[in-house]
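All remarks here apply to the structure that follows.
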Amino acid sequence: MKILILHGPNLNLLGTREPEVYGSITLDDINKKMIALGKELGAEIKCSQSNHEGALIDALQDARAWADGVVFNPGGYTHTSVALRDAVSAIQIPVVEVHISNVYAREEFRHISMISAVCKGKVVGFGWRSYELGLRGLVDIIKL
């Protein structure tokens, strides 16, 4: 089983960016935790991050050739990108949307996701553990 963990814009700043919202954990820390959990669950994990919408689309399209699923934090593109929504829909492998913060307890514009409707599931508000919960859920979906 092979899974892509895909991080969107500004997530490379985790650890220093708004720690009161996102905590003090770094993106590298999250990636290490996901790789270790993947081994535990029998999954090979590849992690990628980009601040660029087109690069995220390329990563999703590339994943359809090698991955069994994707855990995806689209960051701010969640609320704006029809192109990412279309990419998730087009790749025809399961995608779980994750967010570190509880987007529903934040600004109103963050309550709307362009991507959720084409994902198998969504995990929000559990800090870095949203990735862990998303990965566990995705592995269960793939095993069905």
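This one's a predicted model, so the numbers in the text were calculated from it and none came from an experiment. Reckoned from all heavy atoms, side chains included, excluding hydrogens, waters and symmetry mates.
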Give the minimum heavy-atom separation between [X] and [Y], together with the two atoms involved.
| X | Y | value |
| --- | --- | --- |
| Ala63 | Leu4 | CB-CD2, 3.9 Å |
| Ser130 | Gly125 | OG-N, 3.7 Å |
| Ile45 | Gly38 | CG1-CA, 3.7 Å |
| Pro9 | Gly76 | CG-N, 4.1 Å |
| Met114 | Val82 | CE-CG2, 3.2 Å |

Side chain to side chain, Val95 and Val118, heavy atoms closer than 4.5 Å: no

Quick check for you: to the nearest 0.5 Å, what is the distance between [X] atom [atom1] and [Y] atom [atom2]?
| X | Y | atom1 | atom2 | value |
| --- | --- | --- | --- | --- |
| Ser50 | Leu11 | OG | CG | 11.0 Å |
| Leu6 | Ile57 | CG | CD1 | 10.5 Å |
| Ile3 | Leu41 | CD1 | CG | 8.0 Å |
| Tyr131 | Ile5 | OH | CD1 | 8.5 Å |
| Arg129 | Ile30 | CZ | CD1 | 11.0 Å |
| Leu27 | Leu14 | CG | CG | 6.0 Å |

Please report, to 0.1 Å, the donor-acceptor pairs under 3.5 Å made by any side chain of residues 133-144, with sequence neighbours excluded.
unit_1 : atom_1 : unit_2 : atom_2 : d
Arg136 : NE     : Glu132 : OE2    : 3.4

Single-linkage hydrophobic cluster, 4.5 Å side-chain cutoff, Val124 and Val96 together: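 Different hydrophobic clusters.
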
Residues 98-105, side-chain donor-acceptor partners within the protein, below 3.5 Å, at least two apart:
unit_1 : atom_1 : unit_2 : atom_2 : d
His99  : NE2    : Glu97  : OE2    : 2.6
Ser101 : OG     : Arg106 : NH1    : 3.0
Asn102 : OD1    : Tyr104 : N      : 3.0
Tyr104 : OH     : Lys122 : NZ     : 2.8

Flag if over 12 foreign heavy atoms under 6.0 Å of NE2, His52: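 No, because the 6.0 Å sphere around NE2 of His52 holds 12 heavy atoms or fewer from other groups.
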
Enclosure of Gln92 CD (heavy-atom neighbours >12, cutoff 6.0 Å): no

Lys33: side-chain contact (heavy atoms from CB on, under 4.5 Å) partners, not counting sequence neighbours: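 Here the qualifying residues are Ile25, Trp128.
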
Pairs touching residues 61-75 that satisfy salt bridge (Lys or Arg N to Asp or Glu O under 4.0 Å), sequence neighbours left out: none

Contacts of Lys32 that satisfy side chain to side chain donor-acceptor pair (under 3.5 Å) - sequence neighbours left out: Asp28

Pairs involving residues 40-49, ordered by first then second residue, that meet side chain to side chain donor-acceptor pair (under 3.5 Å) (sequence neighbours left out): Asn12-Gln49, Gln49-Asn51

Worked check of side-chain contact (heavy atoms from CB on, under 4.5 Å) between His7 and Asn31: CA-CA 10 Å; His7 312 278; Asn31 288 340; 2.7 Å; yes

From CA spacing to verdict: side-chain contact (heavy atoms from CB on, under 4.5 Å), Phe72, Leu60: CA-CA 9 Å; Phe72 186 25; Leu60 287 165; 4.0 Å; yes

